[in-house]
Amino acid sequence: MSVIYDRVALIGLGLIASSMFWAMRRDGLAGHVTGYARSSETRETAREIGLCDSVHDDMLDAVKDADLIVLCVPVGVMGDVMAQIAGALKPGATLTDVGSVKRGVIDAVMPYLPNGVHFVPGHPVAGTEHSGPRSGFAELFENRWHLLTPPEGTDARATARLRDLWEGMGANVAEMDPDHHDRVLAVTSHVPHLIAYTMTGVADDLRRVTDSEVVKYSAAGFRDFTRIAASDPTMWRDVFLGNKDATLEILGRFTEELFALQRAIRRGDGDHLHAYFTRTRAIRRGIIEAGQDTDAPNFGRGGGPRK
Ligand SMILES: NC(=O)C1=CN([C@@H]2O[C@H](COP(=O)(O)OP(=O)(O)OC[C@H]3O[C@@H](n4cnc5c(N)ncnc54)[C@H](O)[C@@H]3O)[C@@H](O)[C@H]2O)C=CC1
Ligand SMILES: O=C(O)C(=O)Cc1ccc(O)cc1
């Protein structure tokens with residue numbers, strides 16, 4: 001594939017930035033990639049493992065000649081970082097971010113946007129529970145969605161070029177209104193993470209009280225909860241504070257449904273439980289049939305027995 005941006009700057013060298021670097025390098029999508037990390041330890045690690053073509057101690061040096069600047073920091077500090085770099089951005093450059101929340105990031109970044117710099121916010125719906133400069137890998141975005149939420153009036157060519165970059169890294173790209181993005185992600189990612197945090201905390205409390213071996217004998221569902229609950233605390237604190245309204249709305253609906261199930265169990269209302277679980281099973285089967293879960297163990301197996 002050919003070079004899409006001559007010079008790309010990655011700010012914050014964690015899971016997403018390092019995955020972007022390895023994917024861009026593998027596919028020859030960027031001429032030169034600069035990197036900046038706040039801690040000297042992270043910068044040292046980056047230099048040691050060859051993450052970025054040049055690693056800078058000064059954030060302004062990293063961004064000053066860049067054609068694309070990617071903010072890969074927790075959503076709560078996007079505005080602070082933007083305030084620091086705004087004066088150094090090259091006219092005509094594109095600025096993007098990878099934050100899990102879009103409205104809050106747009107509101108925090110836009111006030112500092114210099115004339116002539118195109119801001120095209122984005123969110124790769126791909127990740128792991130790992131963080132830091134060593135956690136990235138080139139395949140992270142393959143067959144995953146990358147959601148772009150350009151504000152009204154954004155230069156269409158800047159958006160199209162950024163789309164090319166993400167498609168080059170293997171992602172499927174869609175455009176979405178930022179508020180809609182935040183509501184959708186509250187349902188599909190943010191509240192599920194909160195449930196995983198809660199369930200893991202409950203199990204741990206229980207273990208302390210009863211000394212039972214809930215973690216040792218955990219089934220796959222609970223192990224997934226603990227995996228997700230190991231995600232970076234700073235990142236997720238910022239996600240919930242940054243997507244407060246949508247998270248609270250979906251949590252409200254969730255607790256109503258949970259109470260209904262709780263009541264059905266208390267009353268011995270098996271019909272309610274059976275009907276509910278039948279509906280949810282149909283949802284899962286619909287996802288598999290539509291080919292939308294490529295991670296499913298039986299994906300592409302035609303439903304036959306496992307070999
Ligand atoms: N981890 C995941 O699964 C996903 C994360 N995201 C989003 O991507 C962004 C980055 O997340 P990760 O790469 O996972 O995080 P990470 O924790 O691996 O890396 C974040 C980096 O930002 C740096 N940083 C923090 N505060 C800073 C500041 N004030 N100035 C400069 N650097 C600062 C940290 O030192 C770290 O190097 C977040 O906004 C997150 O919401 C998006 C999709 C998936
Ligand atoms: O590890 C998982 O299961 C995830 O859900 C990863 C993830 C975390 C945050 C995002 O904004 C997008 C994807």
Side-chain angles (χ1 to χ4, degrees), residues 5 8-21 23-24 29 68-79 81-82 94-110 113 118-131 135-152 154 158-194 228 231-232 234-247 250 292 295:
Y5 294 96
V8 175
L10 300 173
I11 305 300
L13 299 177
L15 170 73
I16 301 296
S18 55
S19 297
M20 286 186 74
F21 175 74
M24 289 189 287
L29 302 170
L68 176 72
I69 303 95
V70 192
L71 304 181
C72 304
V73 296
V75 294
V77 294
M78 294 275 184
V81 169
M82 183 56 185
T94 294
L95 171 80
T96 189
D97 76 296
V98 294
S100 306
V101 175
K102 297 281 44 97
R103 170 55 61 197
V105 170
I106 291 172
D107 289 349
V109 165
M110 286 293 267
L113 193 68
H118 309 294
F119 180 38
V120 187
H123 174 206
V125 189
T128 73
E129 70 280 22
H130 301 298
S131 52
S135 58
F137 53 100
E139 298 77 21
L140 179 64
F141 310 114
E142 256 160 43
N143 239 336
R144 302 285 160 185
W145 285 106
H146 186 74
L147 304 175
L148 293 175
T149 62
E152 250 183 56
T154 304
T159 306
R161 197 165 164 203
L162 188 60
R163 175 187 275 268
D164 287 346
L165 177 73
W166 281 98
E167 286 178 351
M169 292 191 288
N172 306 311
V173 178
E175 283 182 40
M176 210 181 253
D177 167 79
D179 296 306
H180 183 65
H181 167 279
D182 290 353
R183 281 178 62 102
V184 170
L185 268 291
V187 179
T188 59
S189 177
H190 305 168
V191 170
H193 269 78
L194 202 64
I228 288 170
S231 302
D232 186 67
T234 304
M235 170 187 155
W236 283 99
R237 175 200 64 195
D238 284 9
V239 167
F240 293 117
L241 298 181
N243 197 17
K244 184 174 165 183
D245 293 347
T247 302
I250 303 306
Q292 287 169 345
D295 287 341

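In this text the structure is predicted, and so the values were computed from the model without any measurement. Note that these values count all heavy atoms, side chains included, but never hydrogens, waters or copies made by symmetry.
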- [ ] Measure the CG-NE2 distance between L148 and H123 for me, rounded to the nearest 0.5 Å.
- [x] 11.5 Å
Open item on the list: Taking the side chain as everything from C-beta on, heavy atoms only, tell me whether V120 gets closer than 4.5 Å to R161.
Closed with: no
- [ ] Flag the pair F141 / H146 as yes when at least one side-chain heavy-atom distance between them is below 4.5 Å, and no otherwise.
- [x] no
Task: Closest non-hydrogen atom pair, S135 against G14 - done: OG-C, 4.3 Å
TODO: Find out whether V105 and L71 are in side-chain contact, i.e. whether some heavy atom of one side chain is under 4.5 Å from a heavy atom of the other.
DONE: no
Open item on the list: Rounded to the nearest 0.5 Å, what separates atom CG in L194 from atom CD1 in I250?
Closed with: 12.5 Å
Task: Under-4.0 Å salt bridge between D97 and K102 - done: yes
- [ ] Measure the spacing between CZ of F119 and CE of M82 and express it to the nearest 0.5 Å.
- [x] 7.5 Å
Task: Any donor-acceptor N/O pair, S189 side chain to L185 backbone, under 3.5 Å - done: no
TODO: Hey, could you give me the CG/NE2 distance between L147 and H181, rounded to the nearest 0.5 Å?
DONE: 5.0 Å
Task: Shortest non-hydrogen contact between V98 and W166, atoms and distance - done: CG1-CZ2, 4.1 Å
Open item on the list: Going by side-chain hydrogen bond (donor to acceptor under 3.5 Å, both in side chains), R103 matches just one of D177, D182, D245, D179. Which one?
Closed with: D179
- [ ] With sequence neighbours excluded, tell me which residues meet salt bridge (charged side-chain N to carboxylate O under 4.0 Å, His left out) with R183.
- [x] E249
Task: side-chain contact (heavy atoms from CB on, under 4.5 Å) against T96, all qualifying residues, sequence neighbours excluded - done: L68, V70, L162
Task: Partner residues of F240 under the ring-ring contact (aromatic ring centres under 6.0 Å, His included) criterion, sequence neighbours left out - done: W236
Task: Minimum heavy-atom distance I16-A126, with the two atoms named - done: CD1-O, 3.8 Å
Task: 4.5 Å side-chain heavy-atom contact, S18 and C72 - done: no
- [ ] Given side-chain contact (heavy atoms from CB on, under 4.5 Å), test L15 with D232 step by step and report yes or no.
- [x] CA-CA 10 Å; L15 170 73; D232 186 67; over 6 Å; no
- [ ] Could you check if a side-chain atom of L140 sits within less than 4.5 angstrom of a side-chain atom of T128, using non-hydrogen atoms only?
- [x] yes
Task: Over all atoms of both residues, closest heavy-atom pair of P121 and I106 - done: CG-CG1, 3.6 Å
- [ ] Walk me through it: do V73 and M78 pass the test side-chain contact (heavy atoms from CB on, under 4.5 Å)?
- [x] CA-CA 6 Å; V73 296; M78 294 275 184; 3.9 Å; yes
Task: Check: P150 and E175 side chains under 4.5 Å, non-hydrogen atoms - done: yes
Task: The single option from L95, L10, V81 passing side-chain contact (heavy atoms from CB on, under 4.5 Å) against I69 - done: L95
Open item on the list: Which residue is it: L241, V239, V187, V191? I am looking for the one with a side-chain contact (heavy atoms from CB on, under 4.5 Å) to T247.
Closed with: V191
Task: side-chain contact (heavy atoms from CB on, under 4.5 Å) assessment of S131 paired with M235 - done: CA-CA 10 Å; S131 52; M235 170 187 155; over 6 Å; no
Open item on the list: What's the separation between atom NE2 in H193 and atom OG in S231, rounded to the nearest 0.5 Å?
Closed with: 4.0 Å
Open item on the list: L13 vs F21, test: side-chain contact (heavy atoms from CB on, under 4.5 Å). Steps then yes/no.
Closed with: CA-CA 9 Å; L13 299 177; F21 175 74; over 6 Å; no
- [ ] Could you tell me whether the side chain of T149 and the main chain of P178 form a donor-acceptor pair under 3.5 Å?
- [x] no
